[in-house]
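Notes for the one structure printed next.
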Amino acid sequence: MDVFRHLKRRPTLDLDDIQATVLRARPEPYFGTHAIIEITDQAAGKELLRRLAPRVPSAARWDEPRPSWLALAISYRGLVALGVPQASLDSFPANFRAGMAGRAERLRDTGPNAPEHWEAPFGGPAVHLAVTVYAANEADRRTEVTGYEQQLRGLPGVKLLSHQDFGANGFNVFGYRDGFSQPVVEGSGAEPLPGDGRPIKAGEFVLGYPSETGHPLAMPAPDVLGRNGTFVVFRKYHSHVAAFNRWLRDNGRTEQERELLAAKLVGRWRSGAPLALSPTGDDPALGEDPRRINDFDYADDPRGLKTPLGSHIRRMNPRDTKLEVLTDVNIRRVVRRSTSFGEPTTALSDDGADRGLDFIALGARAIDNVEFLQSEWVNSGNFVGLGKEKDPLISLQDTGAYFTVPGTPPRRVQGIQSFNTLRGGEYFFMPSLSAIRWLST
Ligand code: HEM
């Protein structure tokens with residue numbers, strides 16, 4: 001699928017100062033690496049930022065293909081390690097300052113998803129910088145990684161804590177096409193495609209511009225640090241694909257029934273074709289077509305007969321679904337830059353391989369929004385009259401949990417499990433290019 005949206009309007013955002021990743025879609029296929037770095041010496045941390053700054057491209061010409069690029073984000077503890085003045089630290093939102101582990105209760109990250117079970121370095125005090133390389137092929141990934149590693153090497157006072165390669169052909173490890181339903185950012189120059197809805201005010205995604213309320217959201221001080229920046233939510237999931245395959249086998253008699261159940265769970269067939277447009281069978285050509293893949297709403301399906309009310313995409317973006325708890329869905333959107341790691345599998349028993357998804361959400365309200373999504377729309381069903389029923393794909397399931405497929409009669413599919421377990425995560429601030437320079441001096 002052509003993942004590039006075409007720039008048809010004159011951009012009004014300060015694209016030269018915003019990091020590329022905010023507007024630039026992943027290539028398809030994509031390759032890359034996430035690195036987590038600790039700063040043990042303030043001067044070395046600043047020197048590292050000085051060295052990396054020229055490698056972080058801006059969002060200018062974000063619609064044109066590029067072989068590879070780097071994204072840089074800093075945690076609250078990273079800002080402290082860089083010696084950011086207290087008044088400025090205090091101007092960041094409380095949930096960002098607490099960090100993801102500190103917000104576990106609000107995020108419903110309990111039991112096996114709780115921070116005490118996370119992989120190092122997540123949840124610990126040393127997660128300071130996140131550097132991500134996105135590339136269109138393995139050779140360009142390697143070149144970009146070698147480039148930034150050279151800057152790291154020979155710099156005592158900064159330490160590479162973890163390094164994770166990722167990559168996929170546009171499909172995640174469960175075999176679903178993923179990452180293509182995105183909000184259109186007003187002022188980015190993007191022309192909405194059918195079904196994208198109206199562009200959403202830039203201030204929802206980039207600090208310093210009017211938001212959906214008409215005013216810019218509160219911005220960290222000083223202006224040079226906050227403006228043109230955004231927040232990042234990073235959540236590393238381990239995917240239990242064999243358990244998912246077994247659940248489909250146990251609940252569908254034929255391949256056709258199993259694939260329909262897999263589609264009901266997400267709200268889309270594995271090809272990406274939405275159930276809303278193709279309710280009885282997959283339509284791979286529809287899944288390949290960026291002009292049709294998002295061109296639907298739920299107006300003609302109030303009971304969820306086509307797209308279940310509890311399916312993953314209907315929960316995460318209810319569009320025009322009548323909600324029991326009133327919410328403005330336009331302020332709940334995030335830009336997703338998630339990446340898959342490991343190989344998909346059709347096996348029915350766990351092979352012990354490492355596979356999963358690094359969920360990455362960007363936005364001026366990304367932290368508030370993911371906290372809201374996790375507590376209200378992922379781990380509860382009240383907002384669409386489903387009581388305690390949770391998101392069938394990404395929630396922490398209790399024993400005895402089920403997934404409701406509306407119909408006459410409705411079907412309660414038992415045996416649903418936690419198909420994705422949280423292995424770590426953190427809240428980051430993605431500074432503008434001028435803020436990176438400010439932080440490095
Ligand atoms: C392992 C974890 C996850 C998997 C496998 C997964 C899978 C998917 C898939 C297959 C889609 C449909 C394709 C698309 O619209 O791009 C999707 C959409 C989406 N997901 Fe997830 N997801 C995961 C985690 C999350 C989390 C943690 C959140 C938020 C808290 C989330 C929010 C969304 C949103 C907002 C959409 C777009 C819905 C729309 O606009 O219609 N996902 N996800």
Side-chain angles (χ1 to χ4, degrees), residues 1 3 25-26 28 100 103 106-109 113 166 168 170-184 192-193 195-197 200 232-241 243-244 262-277 286-287 290 293-298 307 311-321 329-342 344 355-363 365-380 390-396 418-425 427:
M1 186 167 68
V3 289
R26 296 174 325 213
E28 200 177 294
M100 188 175 284
R103 299 289 292 171
R106 165 76 175 152
L107 287 158
R108 307 290 190 267
D109 293 337
N113 286 355
F166 60 80
F171 291 78
N172 64 31
V173 292
F174 293 93
Y176 294 85
R177 189 190 291 283
D178 199 352
F180 51 81
S181 173
Q182 303 280 3
V184 176
L193 293 172
D196 277 345
I200 302 204
V232 183
V233 175
F234 180 93
R235 288 169 74 77
K236 178 175 181 181
Y237 287 93
H238 176 73
S239 298
H240 305 280
V241 183
F244 177 75
K264 292 283 184 187
L265 186 131
V266 166
R268 293 186 185 270
W269 300 91
R270 300 204 210 220
S271 70
L275 279 172
L277 298 179
L286 174 53
I293 195 165
N294 288 312
D295 192 11
F296 63 91
D297 56 29
Y298 300 120
T307 312
S311 61
H312 179 62
I313 67 159
R314 194 156 176 179
R315 282 174 179 265
M316 295 296 91
N317 182 6
R319 298 175 194 234
D320 54 351
T321 303
V329 294
N330 285 329
I331 66 163
R332 298 298 176 200
R333 303 293 304 276
V334 287
V335 170
R336 287 177 303 133
R337 294 284 179 255
S338 309
T339 54
S340 290
F341 57 93
R355 57 171 66 83
L357 186 128
D358 292 309
F359 172 78
I360 300 170
L362 267 64
R365 293 184 212 258
I367 297 176
D368 287 346
N369 279 349
V370 173
E371 291 189 349
F372 170 86
L373 291 174
Q374 279 290 119
S375 60
E376 308 296 328
W377 291 358
V378 172
N379 287 297
S380 168
K390 300 178 181 179
D391 184 302
L393 187 61
I394 60 170
S395 65
L396 182 64
S418 306
F419 294 132
N420 289 285
T421 315
L422 192 67
R423 286 286 161 84
Y427 293 151

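Counting starts at 1 for both ligands and their atoms, in listed order. No hydrogens, no waters, no symmetry mates; every other heavy atom, side chains included, goes into these values.
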Protein contact of atom 11 (C) of ligand 1 - nearest heavy atom, named by residue and atom, plus distance: Asp178 OD1, 3.6 Å
Within-4.5 Å side-chain heavy-atom neighbours: Arg336 and Phe180: no
pair Tyr427-Val232: side-chain heavy atoms closer than 4.5 Å: no
Short N or O distance, Val266 and ligand 1, threshold 3.5 Å exclusive: no
Under 4.0 Å to a heavy atom of Leu357 - the qualifying atoms of ligand 1, by number: 1 (C), 2 (C), 3 (C)
Closest contact, heavy atoms only, Ser395 versus Lys390: OG-CB, 3.3 Å
For ligand 1, the portion of Phe180 having any non-hydrogen atom under 4.0 Å away: both
N/O separation below 3.5 Å, Arg319 to ligand 1: yes
Tyr237 N/O under 3.5 Å from ligand 1 N/O: no
Val335 and Gln182: CA distance, side-chain angles, deciding distance, side-chain contact (heavy atoms from CB on, under 4.5 Å) verdict: CA-CA 6 Å; Val335 170; Gln182 303 280 3; 4.1 Å; yes
Geometric N/O contact Asn317 with ligand 1, under 3.5 angstrom: yes
Under 4.0 Å to a heavy atom of Ser181 - the qualifying atoms of ligand 1, by number: 14 (C), 15 (O), 16 (O), 39 (C), 40 (O), 41 (O)
Min side-chain heavy-atom separation Lys264-Leu275 under 4.5 Å: yes
Sub-3.5 Å N/O-N/O distance, Asn172 and ligand 1: no
Within-4.5 Å side-chain heavy-atom neighbours: Leu393 and Val266: yes
Qualifying residue, where the test is side chain to side chain donor-acceptor pair (under 3.5 Å) with Arg235 and the options are Asp109, Asn113, Asp358: Asp109
Element-labelled atoms of ligand 1 that are located less than 4.0 Å from some non-hydrogen atom of Ile394: 2 (C), 3 (C), 23 (C), 24 (C), 25 (C), 26 (C), 27 (C), 28 (C)
Closest contact, heavy atoms only, Ser181 versus Arg319: OG-NH2, 3.7 Å
Arg314 near ligand 1 by a heavy-atom separation under 4.0 Å: no
Check against side-chain contact (heavy atoms from CB on, under 4.5 Å), Leu357 and Asp178: CA-CA 11 Å; Leu357 186 128; Asp178 199 352; 3.6 Å; yes
Sub-4.0 Å heavy-atom contact, Gln182 with ligand 1: no
Tyr176: numbered ligand 1 atoms lying under 4.0 Å from its heavy atoms: 10 (C)
4.0 Å heavy-atom contact, Arg235 with ligand 1: no
Protein heavy-atom partner closest to atom 29 (C) of ligand 1 - residue, atom, separation in Å: Phe359 CZ, 3.3 Å
Cationic tip of Arg268 above Tyr176 ring, under 6.0 Å, 45° of axis: no
Pro274 side chain near Asp295 side chain, heavy-atom distance below 4.5 Å: no
The one among Arg336, Arg315, Arg177 that brings a heavy atom closest to atom 37 (C) of ligand 1: Arg336
Ligand 1 N/O within reach of Leu393 N/O, cut-off under 3.5 Å: no
Of all N/O/S atoms in His312, the name of the one nearest atom 21 (Fe) of ligand 1: NE2
